[in-house]
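In what follows, chains are A, B, ... by sequence order, proteins preceding strands, each numbered from 1.
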There are 2 protein chains.
Amino acid sequence: MNAQFKKGVLELCVLSQLALKDQYGYELTEAISQQLTVATGTLYLILRRLKEDSYVDTYLIESSNGPARKYYKLTDKGKTYQTDLKAEWLDFIEKVAILI
Amino acid sequence: MNAQFKKGVLELCVLSQLALKDQYGYELTEAISQQLTVATGTLYLILRRLKEDSYVDTYLIESSNGPARKYYKLTDKGKTYQTDLKAEWLDFIEKVAILI
DNA sequence: CTATCTATGTTGTTTTGCAACATAGTATTT
DNA sequence: AAATACTATGTTGCAAAACAACATAGATAG
């Protein structure tokens, strides 16, 4: 899969998945991997960026079958960002459709 | 406009524009700028890459109002690449649509 | 006790677009 | 003649983001 296509869009995918419900990193990796190939480390980089920019908050929950899970939750700022970024994406692919 | 969204897609836009007809750099810049904001230097970098990879050939034509124009023409390899890349793009945005 | 699955994280590399700058021919205005 | 603007091509340094590879660690099955 063309790695360049994903630039910026993976972030939107993560935000949109978190808009559905709080999820932990590994869970997100599996959800997104059903559609797109993505390196495991990449998701954690995106999540760290999102937290640094206050788009998400995190909380730990114990797991019965492995290490504790770090859940990610959209902040209000994150919800706004997700809405804006999605609109920008839809506008973008429309304009590309005209060109190609 | 989100610069990251463009990664890889600008190349497809250039290839698709050249699939319509041979064009010179400045002409391509104006055509693509009608839909997407793009720095002038960026187009020339893409065109150089495409030539290095033998996706396009070039030829010079004199101009009556300015310097000579370097026209870019898709090679057979370039046509195949354009078709494949377009299919990959359409598949990609479909998968993103499921996630967001 | 070794392998496997779950789970999170770091580091170095590569690709690509952007801003800024450089060059140059032609035409128009001052 | 000089300055400005438009057309046209190109280079350089920088920043963003994904990838591959690696590191860590708890729980469980063989």
Side-chain angles (χ1 to χ4, degrees), chain A residues 1-15 22-33 35-53 55-56 58-72 85 88-89 92 95-96 99, chain B residues 1-15 22-33 35-53 55-56 58-72 85 88-89 92 95-96 99:
Chain A
M1 173 172 311
N2 192 317
Q4 298 304 321
F5 284 167
K6 295 176 204 165
K7 296 287 169 75
V9 191
L10 274 180
E11 184 177 275
L12 171 59
C13 290
V14 168
L15 287 164
D22 295 1
Q23 288 179 74
Y24 54 98
Y26 193 76
E27 193 180 8
L28 278 167
T29 304
E30 293 199 314
I32 291 177
S33 292
Q35 303 299 331
L36 312 173
T37 55
V38 59
T40 57
T42 301
L43 260 293
Y44 291 103
L45 287 174
I46 291 170
L47 290 167
R48 191 171 61 182
R49 286 202 300 266
L50 291 175
K51 190 172 185 189
E52 273 168 15
D53 295 339
Y55 292 131
V56 298
T58 58
Y59 54 92
L60 285 173
I61 300 279
E62 296 290 318
S63 167
S64 57
N65 58 335
R69 295 165 173 168
K70 188 187 277 188
Y71 278 81
Y72 293 83
L85 197 58
E88 208 181 327
W89 169 251
F92 176 76
K95 284 168 173 170
V96 170
L99 288 170
Chain B
M1 174 169 311
N2 191 317
Q4 297 304 321
F5 285 166
K6 296 176 206 167
K7 295 286 169 75
V9 190
L10 275 180
E11 184 177 274
L12 171 59
C13 291
V14 169
L15 288 164
D22 295 3
Q23 289 179 74
Y24 54 98
Y26 192 77
E27 192 180 10
L28 277 167
T29 303
E30 293 199 314
I32 291 177
S33 291
Q35 302 300 330
L36 311 173
T37 55
V38 59
T40 57
T42 301
L43 260 292
Y44 291 103
L45 287 174
I46 291 170
L47 290 167
R48 192 171 61 181
R49 287 202 299 267
L50 291 175
K51 190 171 186 191
E52 272 168 16
D53 296 339
Y55 292 130
V56 297
T58 58
Y59 54 91
L60 284 173
I61 301 277
E62 296 290 319
S63 168
S64 57
N65 58 335
R69 296 165 173 168
K70 189 188 276 186
Y71 279 80
Y72 292 85
L85 197 58
E88 208 181 328
W89 170 252
F92 176 74
K95 284 169 173 170
V96 170
L99 288 170

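- Put simply, CG on A:L15 is 12 Å from P on D:dA17, counting in whole angstrom units.
- Taking both residues in full, the closest heavy atoms of A:Y44 and A:Y26 are given as OH-N, 3.5 Å, listed atom of the first, atom of the second, then distance.
- Nearest-nucleotide positions on DNA chain D for A:G66 and A:L10 put A:L10 closer to the 5' end.
- As judged by a 4.0 angstrom heavy-atom cut-off over every strand, A:T29 is placed among residues making no nucleic acid contact.
- Between D:dA17 and A:T42, no contact under 4.0 Å exists linking OP1 or OP2 to a side-chain N or O.
- Here B:T58 lies out of heavy-atom contact (under 4.0 Å) with every strand.
- In this structure, B:F5 reaches neither bases nor backbone, as no heavy-atom distance under 4.0 Å exists between it and the strands shown.
- Heavy-atom nearest nucleotides on DNA chain D were determined for A:S63 and for A:V9, and the one closer to the 5' end corresponds to A:V9.
- For A:P67 and A:T40, each mapped to the nucleotide of DNA chain C holding its nearest heavy atom, the one lying further toward the 5' end belongs to A:P67.
- One interatomic measurement links the two molecules: CZ of B:R69 to P of D:dT9, which rounds to 8 Å at whole-angstrom precision.
- In this structure, A:L45 places its CG atom 10 Å from P of D:dC19, rounding to the nearest Å.
- Taking the six-membered ring for Trp and thresholds of 30 and 60 degrees, B:Y71 and B:Y24 have ring planes more than 60 degrees apart, a perpendicular arrangement.
- Atoms CZ (B:R49) and C1' (D:dT11) sit 14 Å apart, rounded to a whole Å.
- Across the protein-nucleic acid pair, A:R48 atom CZ and C:dT8 atom C1' stand 12 Å apart, rounded to whole Å.
- Taking 4.0 angstrom as the limit, B:Y24 places a side-chain polar atom (N or O) nearer than this to OP1 or OP2 of D:dA8.
- Residue A:K7 is in base contact, counting any heavy-atom pair closer than 4.0 Å across all strands shown.
- To the nearest angstrom, C1' of C:dG9 lies 11 Å from CG of A:L47.
- Judged purely by atom type and a 3.5 angstrom limit, B:N2 uses its side chain to pair as donor or acceptor with the backbone of B:Q4.
- In this structure, NZ of B:K6 is placed 13 Å from C1' of D:dA16, rounded to the nearest angstrom.
- Nearest-nucleotide assignment on DNA chain C puts the 5′-proximal partner with A:A68, out of B:V38 and A:A68.
- Residue contacts for B:G8: at a heavy-atom cut-off of 4.0 Å it reaches the sugar-phosphate backbone alone, with no base atom in range.
- Here the CG-CG distance, from B:L45 to B:L10, works out to 11.0 Å after rounding to the nearest 0.5 Å.
- Candidate nucleotides D:dC19, C:dG17, D:dA17 were compared by shortest atom distance to the side chain of B:Q4, and D:dA17 ranks first.
- The two residues B:K6 and B:M1 come nearest to each other via the heavy atoms CE-SD, 3.3 Å.
- Regarding B:L43, its CG atom lies at a distance of 18 Å from the P atom of C:dA20, rounded to whole Å.
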